[in-house]
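Quick notes on the structure that follows.
Quick note: numbers below take in every heavy atom, side chains included, and nothing from hydrogens, waters or symmetry partners. Residue numbers begin at 1 in each chain, while the letters A, B, ... track the order of the sequences.
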Amino acid sequence: MPELPEVETVCRNLREGLPSRSSRAKGGRRPGGRPQAGRRAACPSLLGRRITGSRLLWPPTLVTPAPARFRARVRGQRVREVTRRGKFILVRLTTDTLLFHLRMGGALQLEPRAAPLSPHCRLVLELGTRWQLVFCNPRKFGRVWLTADPGSVLGELGPEPLADAFSVEHLSALLAERHRRIKPLLLDQRFLAGLGNIYADEALHRARIHPLSLASDLPLPRRRALWGSIRKVLREAIRYNGTSFDEGYGGGAYFTRLRVYQRTGRPCRRCGTPIERILVGQRSTHFCPACQARPGARARS
DNA sequence: CACGAGACCTGTTCGC
DNA sequence: TGCGAACAGGTCTCGT
């Protein structure tokens with residue numbers, strides 16, 4: 001599931017820890033409150049903890065270095081910082097950096113060492129006697145790197161859409177030189193880091209751009225609108241802890257705000273027209289045929 | 001350079 | 001109810 005807002009949520013949870021929460025607390029759900037995940041024990045911050053051991057349960061998870069070297073090298077290092085770049089989670093250690101990519105789902109969280117491990121658990125980093133950092137990944141697509149040079153892993157990534165340096169002029173210039181359909185372009189992490197299928201569809205709808213539009217053909221007002229909608233959608237989703245349909249993200253609730261993603265046949269929240277679903281570059285793509293005019297169907301200018 | 005197809009995987013939902 | 005098909009938030013590689 002994870003796109004930029006979900007990964008940001010995971011990072012924040014690792015940095016700040018999670019307060020305890022019970023599904024039965026205070027007579028159930030607050031009226032108007034965000035839906036809450038189930039019972040969860042309190043867990044502390046990952047920052048400052050020392051890695052005392054590791055267990056690799058699905059070897060293909062580890063890209064580099066080889067397992068024996070990984071185990072020897074990661075042991076004894078202390079966690080200094082937890083940050084995000086695109087959809088990567090960066091855990092800076094004493095001398096190296098651990099990079100995690102969840103790909104199509106999963107979780108990275110602190111758990112008591114006494115707790116039973118999920119069958120989807122692929123890597124465990126032991127943190128003393130009480131806690132462990134657990135990388136769960138049901139579909140086995142997720143990957144982990146340990147390196148002194150994170151740039152070697154992140155090298156090709158495009159700009160960070162929420163960074164101050166990512167200006168409307170910057171995006172506009174990048175779009176102008178790409179003869180590519182806008183939807184697959186937004187999913188290309190070398191073009192822009194962090195968008196995935198949900199937020200690409202949502203950003204395009206808010207900017208009123210048809211997903212098959214040619215990037216280089218977008219008129220300036222659409223390009224400006226896209227810059228704003230990308231940032232707005234991502235910021236808003238982060239406030240809601242992402243759009244999670246499963247556990248492990250601390251109650252992501254942005255699905256209540258989605259305007260097109262997986263709303264096929266339901267009315268557009270702006271104009272009431274039924275949302276359509278098409279395939280673009282093998283990915284499900286949701287849009288409003290009225291709000292998001294076809295590239296060919298040019299209005300008189 | 002741009003694009004489609006296939007691969008990598010398991011779990012859940014849909015249709016008959 | 002049961003069972004296979006379709007589908008899922010991502011990315012890589014190959015062939016055209």
Side-chain angles (χ1 to χ4, degrees), chain A residues 1-11 37 57-64 84-89 99-108 118-123 135-145 153-158 174-204 211-217 230 233-234 236-238 240-265 277-286 295:
Chain A
M1 76 172 305
E3 301 181 33
L4 187 154
E6 289 75 27
V7 176
E8 184 64 33
T9 300
V10 170
C11 289
L57 304 173
W58 176 253
T61 294
L62 184 61
V63 178
T64 188
R84 178 192 60 72
R85 171 81 172 97
K87 299 173 190 170
F88 287 85
I89 300 160
L99 295 98
F100 296 86
H101 198 304
L102 268 41
R103 296 269 175 94
M104 292 281 267
L108 179 66
S118 149
H120 304 312
C121 179
R122 310 300 176 206
L123 174 69
F135 183 70
C136 286
N137 200 244
R139 288 175 72 178
K140 299 180 176 175
F141 290 163
R143 292 293 180 265
V144 177
W145 297 254
V153 180
L154 305 172
E156 301 274 286
L157 278 186
L174 290 175
L175 289 169
E177 64 194 24
R178 296 306 216 103
H179 290 250
R180 240 183 121 176
R181 296 170 309 176
I182 188 66
K183 167 76 189 276
L185 184 60
L186 291 180
L187 295 180
D188 185 339
Q189 302 299 295
R190 292 166 304 186
F191 178 77
L192 188 62
L195 281 187
N197 212 30
I198 298 177
Y199 301 110
D201 281 2
E202 293 296 315
L204 287 173
L212 295 176
S213 306
L214 210 53
S216 52
D217 284 355
I230 288 171
V233 162
L234 292 176
E236 199 176 15
I238 288 172
Y240 279 78
N241 293 337
T243 308
S244 57
F245 306 148
D246 50 22
E247 313 293 314
Y249 286 87
Y254 193 70
F255 65 87
T256 61
R257 315 283 300 180
L258 297 176
R259 297 198 193 170
V260 288
Y261 184 76
Q262 286 191 351
R263 295 191 67 247
T264 311
R277 172 185 180 272
I278 57 176
L279 276 185
V280 181
Q282 331 256 88
R283 308 300 302 278
S284 274
T285 297
H286 313 76

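Going from atom CE of A:Met104 over to atom P of B:dT12 covers 15 Å, rounded to whole Å. Per the geometry, CG belonging to A:Leu154 stands 12 Å off P belonging to C:dT11, to the nearest Å. Taking atom CD of A:Glu6 as the reference point, atom C1' of C:dG10 lies 12 Å away to the nearest angstrom. Between A:His101 atom NE2 and C:dT11 atom C1' there is a gap of 7 Å when expressed in whole angstrom units. Spacing between atom CZ of A:Arg143 and atom P of C:dC12 amounts to 11 Å, rounded to whole angstrom units. In this entry the distance linking CG of A:Leu187 with P of B:dC3 reads 12 Å, nearest Å. Taking atom CG of A:Leu279 as the reference point, atom C1' of B:dC3 lies 14 Å away to the nearest angstrom. Distance, A:Glu156 CD to C:dT11 P: 13 Å, rounded to whole Å.
In this structure, B:dC9 forms no base pair with any nucleotide, since neither Watson-Crick nor G-U wobble geometry is met with both distances under 3.5 Å.
The nucleotide whose nearest atom lies closest to any side-chain atom of A:Arg180 is, among B:dC3, C:dG10, C:dA8, B:dC3. Distance from the side chain of A:Lys140 is smallest for B:dC9 among the nucleotides B:dA2, B:dC9, B:dG11. Residue A:Lys87 has its side chain nearest to C:dT11 when only C:dA8, B:dG11, C:dT11 are considered. Of the candidates B:dG11, B:dG4, C:dA8, B:dG4 carries the atom nearest the A:Arg181 side chain, counting heavy atoms from C-beta on. Of the candidate nucleotides B:dC9, B:dG6, C:dA8, B:dC9 has the atom nearest to the side chain of A:Trp58. Proximity note for A:Arg178 (side chain, C-beta onward) versus C:dG10, B:dA2, B:dG11: the nearest is B:dA2.
Taking only side-chain nitrogens and oxygens, A:Gln189 comes nearer than 4.0 Å to OP1 or OP2 of C:dT11. Taking side-chain N and O atoms only, A:His120 has no distance below 4.0 Å to OP1 or OP2 of B:dT10. Considering only side-chain N and O atoms, A:Ser284 lies nowhere under 4.0 angstrom from the phosphate OP1 or OP2 of C:dC7. Proximity of A:Gln282 to the phosphate of B:dA5: a side-chain N or O atom is located under 4.0 Å from OP1 or OP2. Residue A:Arg277 places at least one side-chain N or O under 4.0 Å from the OP1 or OP2 atom of C:dA8. For A:Arg103 and B:dC8, the shortest distance from a side-chain N or O to OP1 or OP2 is not below 4.0 Å.
Between A:Phe141 and B:dC8, a base-stacking contact is recorded: ring centres under 5.5 Å apart, planes less than 30° from parallel.
In summary, A:Arg259 and A:Asp201 do not engage in a salt bridge, as defined by a charged side-chain N under 4.0 Å from a carboxylate O.
Although no hydrogens or angles enter the test, the distance criterion places no donor-acceptor pair under 3.5 Å between the side chain of A:Asn197 and the main chain of A:Thr285. Of the possible donor and acceptor atoms, one in the side chain of A:Gln189 sits under 3.5 Å from a partner among the backbone N and O of A:Leu187. Looking at A:Asn241, its side chain never comes within 3.5 Å of a backbone N or O of A:Glu6 through a donor-acceptor pair.
Across A:Ile182 and A:Ala215, no two heavy atoms sit closer than the pair CD1-CB, 4.2 Å.
The base of C:dA8 is paired with the side chain of A:Arg139 by a donor and an acceptor separated by under 3.5 Å.
Nucleotides B:dC9 and C:dG2 have their C1' atoms positioned 24 Å apart, rounded to a whole Å.
Screening A:Leu4, A:Thr243, A:Ile230 for a side-chain contact (heavy atoms from CB on, under 4.5 Å) involving A:Tyr199 leaves a single residue, A:Thr243.
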